[in-house]
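Contents: one structure, followed by commentary.
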Amino acid sequence: MRILIVEDEQSLATAVADLLSQQGYEADVSTTYFEGMEAALSNAYDCLLVDVMLPDGDGIEMVDELRKAKCSTPVLVLTARNATSDRVRGLNVGADDYLGKPFEWSELLARIKALVRRSTMRQEADEMVVGRAKLHRNSRTLEVDNRMLELSSKEFMLLEYFFRHPKQVLTREQLVSHLWGPDTDVADNALDTYIYFLRKKCGRIGLKQIIKTIRGQGYMLGPMV
Ligand code: CA
């Protein structure tokens, strides 16, 4: 879980980052609007904490810009206490929640957890899209250029895992443990069999190389061409 803190008050930013690290989160700090924008758009965060008054811009405008740039990461806006207008503005442009300063650590953590949980649930309800391929959770089908492919439950689990991590190499151990649980004694070639069938099936609807073998490392989602 990785969180970005956009806050120019250095001591507060550091204290929040320390608190989040202690809780097992990875925390990055940006102290300006410009840095914050750049960080939020170039990394995959699970949540953004954005202060309203930044030295080079307005945090609520940042949320507006991020939403326009199709960044849907949950945002918790940090406002001065009782600044009702900030809250309304923030929620109007697509912030997910706000917290008045000064705040209690426990409240901050609770809000972050709630935001991340809600956003995960939202993601689970929807279809997942990578390139021109769409994975439908409810019907367990893969859609490419209006052609549909039904997947078995294991094939779906496997492909969904790749869709969740489209730019990462997944090791054999990770995949086996995802499909059969951490202490499995499933045969070593069971994974290869599923990958073989998945590639073959996807080839039928025009997706070549849906899963790439990365020699000595594992497998990775292909470029969807
Ligand atoms: Ca500030």
Give the minimum heavy-atom separation between Val29 and Ala17, together with the two atoms involved. CG2-CB, 3.9 Å

Should the heavy atoms of other residues, nucleotides or ligands under 6.0 Å from CD of Glu150 be counted, would the total exceed 12? no

Nearest heavy-atom approach of Pro74 to Asp96 is CA-OD1, 3.2 Å

Between Gln168 and His165 (side chain of the first, backbone of the second, donor and acceptor by atom type, cut-off under 3.5 Å), is there such a pair? no

Should the heavy atoms of other residues, nucleotides or ligands under 6.0 Å from CE of Met220 be counted, would the total exceed 12? yes

Would you give the length of the straight line joining atom CD1 of Ile195 to atom CG of Leu158, rounded to the nearest 0.5 angstrom? 5.5 Å

Hey, what do you get for CG (Leu207) to SG (Cys202), rounding to the nearest 0.5 Å? 5.5 Å

Taken to the nearest 0.5 Å, the spacing of Leu151 CG from Leu198 CG works out to 6.5 Å

Answer yes or no: is there a side-chain heavy-atom contact under 4.5 Å between Val75 and Leu49? no

Please identify which of these residues, Thr171, Val176, Leu175, meets the side-chain contact (heavy atoms from CB on, under 4.5 Å) condition with Glu173. Thr171

Would you name the heavy atoms of Glu143 and Asn146 that are closest together and state the gap between them? OE2-OD1, 3.6 Å

Taking all heavy atoms of Val63 and all of Gly94, pick out the closest pair and write down the distance. CG1-C, 3.9 Å

Is the backbone of Glu61 close enough, under 3.5 Å, to the side chain of Asp58 for a donor and an acceptor to pair up by distance? yes

To the closest 0.5 Å, what do you measure between CD1 (Ile60) and CG (Leu91)? 8.5 Å

Out of curiosity, does Leu135 fall in the hydrophobic cluster containing Val129 (side-chain heavy atoms, cut-off under 4.5 Å, transitive links)? no

Specify the closest pair of heavy atoms between Met37 and Glu65, including all atoms of both residues, with the distance to one decimal. CE-CB, 3.4 Å

Would Arg89 and Asp64 satisfy salt bridge (charged side-chain N to carboxylate O under 4.0 Å, His left out), going step by step from the backbone distance to the final call? CA-CA 10 Å; Arg89 275 200 314 139; Asp64 195 24; over 6 Å; no

Judged by modelled atom types alone, do Arg67 and Thr73 share a side-chain donor-acceptor pair under 3.5 Å? no

With clusters defined by side-chain heavy atoms of hydrophobic residues (ILVMFWY) lying less than 4.5 Å apart, directly or transitively, does Leu48 cluster with Leu41? yes

A side-chain contact here means heavy atoms from C-beta on lying under 4.5 Å apart; do Asn138 and Glu127 qualify? no

Nearest 0.5 Å, please: how far is CD in Gln217 from CG in Leu170? 11.0 Å

Restricting to non-hydrogen atoms, name the atom on Arg147 and the atom on Gly206 that form the minimum distance, rounded to 0.1 Å. NH1-N, 4.4 Å

Under the salt bridge (charged side-chain N to carboxylate O under 4.0 Å, His left out) rule, what pairs show up with a residue in residues 42-56, not counting sequence neighbours? Asp51-Lys101

Between Glu160 and Met128, does a side chain to side chain contact (heavy atoms under 4.5 Å, CB included) hold up when you go through it step by step? CA-CA 8 Å; Glu160 194 216 25; Met128 303 174 88; 3.7 Å; yes

Hydrophobic cluster identity match, Tyr45 and Met1, side-chain contacts under 4.5 Å: no

Do Val77 and Asp86 make a side-chain contact, defined as non-hydrogen atoms from C-beta onward lying under 4.5 Å apart? no

Evaluate Leu78 against Tyr98 for side chain to side chain contact (heavy atoms under 4.5 Å, CB included), listing each step before the verdict. CA-CA 6 Å; Leu78 307 176; Tyr98 57 83; over 6 Å; no

Starting at CG of Asp97, measure out to CZ of Arg87 and round the result to the nearest 0.5 Å. 10.0 Å

So do Tyr196 and Leu191 actually touch side chain to side chain, heavy atoms under 4.5 Å? no

So Lys134 and Val144, do their side chains get closer than 4.5 Å, heavy atoms only? no

Could you list the residues that satisfy side-chain hydrogen bond (donor to acceptor under 3.5 Å, both in side chains) with Asp145, not counting sequence neighbours? Arg132

Assess whether side chain to side chain contact (heavy atoms under 4.5 Å, CB included) is satisfied between Trp180 and Lys154, documenting all intermediate values. CA-CA 9 Å; Trp180 291 282; Lys154 280 272 191 285; 3.2 Å; yes

Could you see if Leu66 belongs to whatever hydrophobic cluster contains Leu76? Use Ile, Leu, Val, Met, Phe, Trp, Tyr and a side-chain cutoff under 4.5 Å. no

Side chains of Asp8 and Tyr33: do they bring a donor and an acceptor to under 3.5 Å? no

Is a donor on one side and an acceptor on the other found under 3.5 Å between the side chain of Arg199 and the backbone of Ile211? yes

May I ask you to test the Phe34-Leu54 pair for a side-chain heavy-atom distance under 4.5 Å? no

Do the ring planes of Tyr219 and Phe162 sit parallel (below 30°), tilted (30 to 60°) or perpendicular (above 60°)? perpendicular

Is Glu9 reaching over with its side chain to a backbone N or O of Ser11, donor-acceptor style, under 3.5 angstrom? no

Would you say Phe197 has more than 12 foreign heavy atoms packed within less than 6.0 Å of its CZ? no

Counting C-beta onward and ignoring hydrogens, is there a side-chain heavy-atom pair between Val50 and Leu4 closer than 4.5 Å? no

Assigning hydrophobic clusters by single linkage (Ile, Leu, Val, Met, Phe, Trp, Tyr; side-chain heavy-atom cutoff under 4.5 Å), is Ile3 placed with Trp105? yes

Taking it one step at a time, do Glu7 and Ile5 satisfy side chain to side chain contact (heavy atoms under 4.5 Å, CB included)? CA-CA 6 Å; Glu7 167 65 67; Ile5 304 155; 3.9 Å; yes

